[in-house]
Amino acid sequence: MKTNDLYEMTISEASLLLARKEISSVELTKSVIGRIQQVEPKVKGFLHINEVDAIASAERADKRIQSGDFTPMTGIPGVIKDNMCMTGVPTTCASKILENFVPPYTATAVQKLIDSGAVLVGKANMDEFAMGSSTENSAFHPTHNPWDLQRVPGGSSGGSAAIVSAGESLFALGSDTGGSIRQPAAFCGVVGMKPTYGLVSRYGLIAFASSLDQIGPVGKNVMDSAMILNVISGYDPMDSTSLRSLENNNTDYTASITEGVSGMKIGVIKEMFGDWVDAPVSDAVMKAVSQFEDMGATVDWDVSLPSTKYAMAAYYILAPSEASSNLARYDGVKYGYSWDGEGSMWEGMENTRGIGFGPEVKRRIFLGTYALSAGYYDAYYKKAQEVRTLIKSEFEEAFKKYDILVTPTTPTLPFKLGAKLSDPLEMYRSDLCTIPANIAGIPAISLVCGFSEGLPIGLHLMGGALSEEKLLRTAYSFEQATNWHDRTPKI
Ligand code: GLN
């Protein structure tokens, strides 16, 4: 392999060569930086690039490898979505209100990567405060889909997915509140996983909707995603929603990944295959399900989870309600942008928030404030919580019968930049299939299961709470039996 091709490697390939000292992390990191210089003007996946720091941490990684004190992630270049805090590195959430914010602390998931010796190259673009499905809500610039630069990469972790797809990093972290890791992974033809709620610490993740937010891996394939999850998962006393049961848990998510799907029961959720799903998408997903049958799984093609069709409606009450409360802290007093005109405290706050937040963020704050207000709380917020309980219990029942449930990741192929910007409801529909997993707190993964018009299609697998090993094993078997994940975009 030529040195300038190193950026094309997966984590497992690079990790092996690093351990054998056949390549160095500095060489690998320089190759990734070269690739960034080559394609980033077209992809625009980054908000911040740390070239100098990246080389310095690659040098430290090489020393660790020389001394024999290293992990499978030591020396591997990666990227962090720009809503995760990193001491001394700008963290903007793609918002003007945090444009100059430099956090004094590091998110636990990011710290775990640093401790493992991963080389963090930069911060990825996203929809402002993770609200959106196309990365067009970034206050700075949109990101382009590496498979077709006229199209969106999905969102809100569109920067993370586009960067991995374009070879500008070997992996990335994203965050997923209603689909923001899985939907862009599907649009960019990479693997994206939302772990069980509480498996990965949210400490240092800038809050959108705290009961739904979860950090997860974006990788070139399933094995890489498992390797990333190995590092970032685990109990964290700094996050009150982190699962205590994981305190002494050292699960290796790669250990049982090759065990196959023979004997597994797989269910297809019929409510997630309406006429609103494009034909090439449902065809590819159905073919993928047949593939599982060929590999020895039993398939029930007609599983009904009737309440999942209300998941999106419930989400657009719950998520904005939590956001309206979480975003109250951006008042121009504590940190972030502060309007410096003449006026009262109230005018100061109004102008700070009026100028600092973009239109989608304001829409969510309005929605949430309305849903939580006296007189409407019972009709909206409480009702949505009840729907949430119903959806959760339907999944619990279903997972007594099935190991894995299948849906498309997205109803459509990646759409053109600008196509859905003027119609928020159309944009919201991009997450119809991914939202139920956040509502239920269960793990889910998206991987490529086909192409149409040269654009990737995502297969969406969900498992019961803490069934990550089974989920990864199922996804891995599919990947081994197909070669979709080997394709890379020509940029
Ligand atoms: N697209 C959804 C939204 O805008 C989900 C976002 C996310 O998962 N962060 O709310």
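Residues take their numbers from the sequence shown, with the count starting at 1. Order of listing sets the numbers, starting from 1, for every ligand and every atom in it. For clarity, every value in this text was computed on a predicted model and none was experimentally measured.
In this structure, the separation between OG1 on T106 and CG on L120 is 9.5 Å, given to the nearest 0.5 Å.
In this structure, the ring of Y335 has its center less than 6.0 angstrom from the ring center of F101.
For ligand 1, the protein residues within 4.0 angstrom (heavy atoms only) are A130, M131, G132, S133, S156, D176, T177, G178, G179, S180, F208, Y315, Y316, R364, D431.
The side chain to side chain donor-acceptor pair (under 3.5 Å) search around H485 returns none, not counting sequence neighbours. Judged as a side chain to side chain donor-acceptor pair (under 3.5 Å), and not counting sequence neighbours, the contacts of S307 are E394. Listed by chain and residue number, R202, Q214, T241 satisfy the side chain to side chain contact (heavy atoms under 4.5 Å, CB included) test with Y197 (two or more places apart in sequence, or in another chain).
Using a 3.5 Å distance cut-off with no hydrogens or angles, the side chains of E468 and T196 do pair a donor with an acceptor.
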